[in-house]
Structure formats: structure tokens, C-alpha cells
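Before any comments, here is the structure.
Every chain is numbered from 1, with letters handed out A, B, ... down the list of sequences.
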Amino acid sequence: MTDSAAVGDARRLLEGAIEALPEGRLAEQLGLGRPLRVKLGIDPTAPDIHLGHVVVLDELRAFQDAGHLVVLIVGDYTARIGDPSGRSAERPVLTEAEIDANAKTFQDQAFRVLDPGRTEVRRNSEWLSMPSDELFRLVRRFTVARLLEREEFSRRISAAEPISVLELLYPVLQGYDSVAVEADVEIGGTDQKFNLLFGRDVQEAFGEEPQSILTLPILPGTDGVRRMSKSQGNYVGVTDTPEEMFGKLMSIPDDAMEQYYRLLLPVRLDPKRHPGEAKRELARRLVERFHDADAALAAEARFDQVHVRGELPDDLEEAVVEADGPSGAVHLPAVLAEHFGLSRSEARRLIDQGGVRIGGRAVEPGRLDVPATDLDGEVLQVGKRRHARVRVAGEG
RNA sequence: GGGGGAGUUCCGGAGCGGUCAAACGGGGCGCCCUGUAAAGGCGCUGGCUCAGCCUUCGCAGGUUCGAAUCCUGCCUCCCCCA
């Protein structure tokens, strides 16, 4: 029996989802009239959460706002296995301390979206760290054939790529998480579909009511192509400064904008709008969300100043430089290395390519030393986005 | 247990005794263009006291005037047969 209110709730919650399985199950669950336990498993390898995570967290938040409980599982144990979705063959094994630290930052950041009062955080080592005879009892219930249904596995088999036994175990263990926390619903990206569904089998094997599952679209990174992820360097972190956030968002390809709008904002992209304007709005709204309206305005103003008009930002960092000897010459590669994290060789190349400016004028190729007086108080710029005001400290 | 193959610069992947800091592609970076988008053009992409020098081609030895390239041992990985 599902009352119409539950059906309405379900419709709202399913709005952003790609799939909800089994069909109609969520509406039934919502009709039970008790808070549902909604599970999300996270990997403690990436300590920062980014907009890709936000898509999922938003959905969880919607569940919380409807009165349900989120169970956040820190996969400290499964992290030792490595989910085959990331084709990364080997992951570095994290130490306990690293996992602690990552879990903590992740949690803190997740609470920028989630309601801590309706969130339960658990680590799967709590139940997965079991004696091997117990593990065997768990694993015995599943067949390899069942696991090979996963497309990733079958693809690798036909491509003659290796699959480790451990990887095969991953879905079983992460499915067991659902048993342990008695999940009613599990959420994940579309790439997690197999794992989510497999959780149902594991629950069933343990005499539990199988969860329903919800898959969500995957947000592309700032390159617009690959999924957003920290290791790809194409992410926008929720703790990025307003300037960084605004800048990164302005750099996404036009084609990706529609998805960013759909997955992260309450409004849709108006296809008739000028792309530049639409992108500004996207950037502005997201900065507002993770910082505030003033920060968004400031970030946009700075963006216009620095990148559109090519002017210098007001809040330049200061680089204090020592002049070299009584001649007062400053060795540019050394300065660039110290203040911009380049190697001196890189710095030389950059100079030769006209990528280094002093006071807006490109340093001529091959010119490695400049008189201190030409540099003091001037703005030293590398490429388009790195600059600092130089102060030459007394040459003695 | 048997047989075969591979480990190269951020990634993929050439090179198989000197002309190799190592082709080519991807990525990244710089300049031009522009809406800091995309596409495109040109260039760079080990380090340094930079017309030269130093350290790199899984690890350790060895052969040689000279090795990423040959030999020996070790480590790791993959494939096929059982």
C-alpha cells in the first residue's frame, strides 16, 4: 500500500536520478511511514570533496529533508581492496592515520551539504575486519558467474586484462556493508550500479529486506570530458577559495554547462542565453552556495579585472627578493623558482617563450638577470594567472 | 608444473651497442587568437653555476673505448598450456 503522499515524495526524490530499482520500490518504502536508512559508501582515499560528490550529497540531503537518515560509510577496509571501477591497478595502502585524517576532512566537508543531525557515520572495518572462516561463510554464497556479470569484469576478460581475486571480492564486501547498516536505500553514481544492485543480493542472502537503489548522473570535470576527480586535477573543491572556484567554473567547456546546471543548480540552462553570461551565473551561484554572496561578487569582479581586462589583482602576494651583490642584479630563474614553484630550468624556458613579465612587459628571451631597481615594486607575472609584487630587500 | 613475453622520461609507446635526455601520440605549460570556453596556429615539456656539465631508461653487478640497447643474478608484471 502506498499512499499518494509517498508517491509525491518519491517523485521529488527521483527527479535527478537516472534509475531507481526495483521500479516503484522507493515509493513503497516511503509509504512505510518510518525514516529510511539511506546509505552512501565513500572512499577514504580522497580527502577533499568536490562538486562531483555534491551531486550525490544533494540527493542525500533531499532525503534528510524528507525526514530520513543518511548512513555515511567510510570504506576504510574496502579501500585496501580497490574498487575495480577505477582501473588503477594498485592503490597505495593507506595508513590508519591517513584514513583517520581523510575521513575527518571528508566528514567535515560533507556536512556543508548534509545535516549532521540526521547522519550516521560508520567505518566498514567495524564489521569487515573478520576472521577468515567468517569471511568464507560470507563469500561462499556468491558465484563467480554472478560477479562476472559486471560489465567492467567481462570487458576485462575479453580484453585479456587481469582481474585480481580481491577485486572480485569488492562487490561482496561492499554489499555486506548494506547488511551491516541495514540499508533501505543506497545511492551512487551510475558507475556504481552493479555494486549497488549486488548489495541487494548480499542482503537477501542474509535474510534482510533488500535495499532499493538509486543511480545518479556523473558530473564531468572542468575539462568537460572525464569524470570529476581530484586525481585527474579537473575538480572544483567545495573548500576552494571563491576566486579559484569562480575561475575554474568559467573554464569549463560550453558543452558541459548544461550538465553543471542540471546537476548542481535549481534552475535549468537557457539555451538561448549567451554562453559567457550563463557560465558567469553558474560560477556566481556556486560560489554563493559554498561561500556567500559578497564573496561571489568579489570573485567575479576579480575575475573581470584579472582575466577579462588583463589588469592586476589588488591583493597581490608579495615576493621578497634578495639582490645579488653590490651590482644589485637579481637572478630571475632563482626568483621564479622560489616564488612560483618552478625549477630554474623551467623558469628559463618560460622566459625564452615570453611567458614572464615584469610590470606588464615581457622579459626578453635570454635575459636572466635584471637590475634590482627594475624589479623593486613591480609586478612579476608568470603566464596568465600567476603573479606577485616584488620587493627587493636591501642588497647590503 | 611447463612455455612465452614485458618492465623506458607525467601517461601510452618507439628505440635494441655509439649520431639518445631518448621518436611519436596524449596530457601539461607558454605565446597568438578568444568569451581565461572549444577549435586552431607556433613553441616548450629531466636537472644545473646552460654554446657546457650532471643524473635518468625495474634493481644490482659485469662485458666494452662506449650500454636504454649485450651478459649474469634478483624483483615485479602479463600471456599461453596444464
Considering every strand and a 4.0 Å limit on heavy-atom distances, what is the contact class for A:Gly247: base, sugar-phosphate, or nothing?
base
Which residues satisfy the salt bridge (charged side-chain N to carboxylate O under 4.0 Å, His left out) test with A:Arg118, sequence neighbours excluded?
none
When you look at CD of A:Glu126, are more than 12 heavy atoms from neighbouring residues, nucleotides or ligands closer to it than 6.0 Å?
yes
G-U wobble or Watson-Crick pairing nucleotide for B:rG30 (cut-off 3.5 Å, both distances):
B:rC42
Looking across every strand, which nucleic acid part, if any, lies under 4.0 Å from A:Pro275 by heavy atom: base, sugar-phosphate, or nothing?
base
Pair partner, B:rC50 [Watson-Crick or wobble, under 3.5 Å]
none
Complement of B:rC77, any strand, by Watson-Crick or G-U distances under 3.5 angstrom
B:rG5
Expressed in whole Å, how much space separates the P atoms belonging to B:rG27 and B:rC16?
28 Å
Mind checking who B:rG12 pairs with, Watson-Crick or G-U wobble, both distances under 3.5 Å?
B:rC24
Determine the interatomic distance between P on B:rG73 and the same-named atom on B:rG2; round to the nearest Å.
16 Å
Rounded to whole angstrom units, what separation is found between the CZ atom of A:Arg273 and the P atom of B:rG35?
17 Å
Which residue, A:Val181, A:Leu173, A:Asp76, forms the side chain to side chain contact (heavy atoms under 4.5 Å, CB included) with A:Asn124?
A:Asp76
Pairs under 3.5 angstrom, nitrogen or oxygen only, protein versus nucleotides 46-50 of chain B, please.
{"from": "B:rG47", "atom 1": "OP1", "to": "A:Ser343", "atom 2": "OG", "distance (Å)": "2.9"}
{"from": "B:rG47", "atom 1": "OP2", "to": "A:Arg349", "atom 2": "NH2", "distance (Å)": "2.3"}
{"from": "B:rC48", "atom 1": "OP1", "to": "A:Arg344", "atom 2": "N", "distance (Å)": "3.1"}
{"from": "B:rC48", "atom 1": "OP2", "to": "A:Ser343", "atom 2": "OG", "distance (Å)": "3.4"}
{"from": "B:rC48", "atom 1": "OP2", "to": "A:Arg344", "atom 2": "N", "distance (Å)": "3.2"}
{"from": "B:rC48", "atom 1": "OP2", "to": "A:Ser345", "atom 2": "N", "distance (Å)": "2.5"}
{"from": "B:rC48", "atom 1": "OP2", "to": "A:Ser345", "atom 2": "OG", "distance (Å)": "2.6"}
{"from": "B:rU49", "atom 1": "OP1", "to": "A:Arg344", "atom 2": "NH1", "distance (Å)": "2.7"}
{"from": "B:rC50", "atom 1": "OP2", "to": "A:Arg348", "atom 2": "NH2", "distance (Å)": "3.1"}
{"from": "B:rC50", "atom 1": "N4", "to": "A:Ser345", "atom 2": "OG", "distance (Å)": "3.2"}
{"from": "B:rC50", "atom 1": "N4", "to": "A:Arg348", "atom 2": "NE", "distance (Å)": "2.7"}

Charged N to carboxylate O under 4.0 angstrom, A:Arg348 versus A:Asp352?
no
Would you check if there is a donor-acceptor pair between the side chains of A:Thr222 and A:Asn234 at a distance under 3.5 Å?
no
Using the P atom as the point on both nucleotides, what is the distance between B:rC42 and B:rC77, in whole Å?
44 Å
Roughly how far apart, to the nearest Å, are B:rC10 and B:rC44 at atom C1'?
15 Å
Is the CD atom of A:Glu134 crowded by more than 12 outside heavy atoms at less than 6.0 Å?
yes
Nearest-Å distance once atom P is located in both B:rA23 and B:rC71
25 Å
Using 4.0 Å as the upper bound for N to carboxylate O, is an ion pair formed by A:Asp374 and A:Arg361?
no
If the C1' atom of B:rG5 is compared with that of B:rC48, how far apart are they to the nearest Å?
39 Å
Donor on one side chain, acceptor on other, A:Gln192 and A:Thr215, under 3.5 Å
no
Would you find more than 12 non-hydrogen atoms of other residues, nucleotides or ligands less than 6.0 Å from A:Glu317 atom CD?
no
What is the separation between atom NE2 on A:His274 and atom C1' on B:rA37, rounded to the nearest whole Å?
10 Å
Whether each nucleotide of nucleotides 28-33 of chain B has a protein heavy atom under 4.0 Å at its base (B), only at its sugar-phosphate (S) or at neither (-) is summarised, 5' to 3', as -SBS-B
